[in-house]
2 protein chains.
Amino acid sequence: MAPRGSYSKGIAKRTEILDAALELVARVGFRRTTVRELADAVGLSQSGLLHHFGTKEQLFTEILRYRDEVDRRTFAGPAGGTGSGELPAAIVNLVRHNAEVPGLVQLYSRYSSEAADPGHPAHDFFRQRYEQARGDLTETITRLRTAGRLPADLDGDRLAVLVFAMIDGLQMQWMYDSSIDMADHIAFFWEMILGAGPEPHSRS
Amino acid sequence: MAPRGSYSKGIAKRTEILDAALELVARVGFRRTTVRELADAVGLSQSGLLHHFGTKEQLFTEILRYRDEVDRRTFAGPAGGTGSGELPAAIVNLVRHNAEVPGLVQLYSRYSSEAADPGHPAHDFFRQRYEQARGDLTETITRLRTAGRLPADLDGDRLAVLVFAMIDGLQMQWMYDSSIDMADHIAFFWEMILGAGPEPHSRS
DNA sequence: GTCTATACTCGGATAGAC
DNA sequence: GTCTATCCGAGTATAGAC
């Protein structure tokens, strides 16, 4: 169970690569995100990098998976939500953060639309990701409904679909017009639905 | 003004190509939509096809522009709306139609995320397209508000952004799970906002 | 206008030395 | 584990004949 020897070293290197990849992509965008460029950025040759991940598709899938993991730690934990773990506010915070890392938004957008093809190696990753995200949100909506903060007859499944659709779609428009404030629009949506919205700011 | 001679023939050929392209893409998806495949489908060689459009990017941009044109004729005209030209219902009908042409949805999704890079030849096309669409919808929202069907203090600009975000985002989730009924979710959204929704069915 | 043929570029994969 | 070197395929663009 406890990683040791060359095994733990492999894991460490992998994480180091993924960290560097996140930083690079966030800065330079998807355009320059080829295996070669990524290899250069982490100080490896192309084949040296691919040694750790196999194929380009696997590498990029891991980058996105790792990003989710980091984001989850940051925004779903005690520092991210409103303290009571309210998902709506956590989502607004996450979206606000995304506006700071345009390259990652681009990568996510491009890769998710490419992987929409059922034959794509990352297809299952995204399918499961959406399923999980919707499931989690539906659960939270049920909680809010029970607490009387949402209409009793509201369809939680449908609402969950809409929320994630909005996040993806806002990113698209934002990439074409960065003056669009994504977090602001999400908050606006919650206001329309909830009446009085949750407080989106958890710090400052 | 009246096209004649080789000029009108060129236009006719162009339209013929675009019609065939729409049909092909709708059927086989983006995966097989390379310049060569497209050329085969319309009975031309690759260079014969590119003769009419210049580059691959210009060709695909024209395909999407032509698609918009066809859709506008179909869904913004007297047969598409509710008769009173209500945009919300027209949108629901358009989205319902999109579910019938998965290949075109895939093409649109992939191409719009690729062109999000400011250096992409189709970047301006999509930027203007979003701007125009939002402008049109904002106008309609103002009309609805004046007619008392929307709250007087509703922010039309923000709502317009959200509606198109939802359309794009729903397509994404639908590509990963075709059991998601896009039109149904759009109608659900209007219901939450409008209270009683407009009738989405204009025929049948 | 359209064809055939070819050249060129890019990017991912692989072999084998160290 | 990492490198260098090579290969290979996909896909676009172009040259030149008809």
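Just so we're on the same page: letters track the sequence lines, and every chain starts at 1. Computed from a predicted structure; not experimentally measured.
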B:R134 vs A:Q173, side-chain hydrogen bond (donor to acceptor under 3.5 Å, both in side chains): CA-CA, chis, key distance, verdict: CA-CA 10 Å; B:R134 285 192 300 254; A:Q173 287 182 64; 2.7 Å; yes
Atom-to-atom span, NE2 of B:H51 to C1' of C:dC3 - whole angstrom: 12 Å
A:L49 CG to D:dT4 C1', straight-line distance once rounded to whole Å: 16 Å
Aromatic ring proximity B:F125/B:H120, centre distance under 6.0 Å: no
Atom pair distance, as rounded to whole Å: CG in B:D40 and P in C:dC3: 10 Å
Sugar-phosphate, base or nothing in reach of B:L44, heavy atoms under 4.0 Å: sugar-phosphate
Interatomic distance, B:E114 CD vs D:dT12 P [rounded to whole Å]: 11 Å
Ring geometry between A:F188 and A:H185 (parallel below 30°, tilted from 30 to 60°, perpendicular above 60°): perpendicular
Geometric class of the A:Y176/B:Y130 ring pair [parallel <30°, tilted 30-60°, perpendicular >60°]: tilted
Mutual orientation of the aromatic rings belonging to A:H97 and A:F75 [parallel < 30°, tilted 30-60°, perpendicular > 60°]: tilted
Distance below 4.0 Å between A:H52 side-chain N/O and D:dT2 OP1 or OP2: yes
Heavy-atom protein contacts under 4.0 Å, nucleotides 4-18 of chain C, coded B base, S sugar-phosphate only, - none: B------BBBBB---
A:Y108 side chain reached by A:F126 side chain, heavy atoms, under 4.5 Å: yes
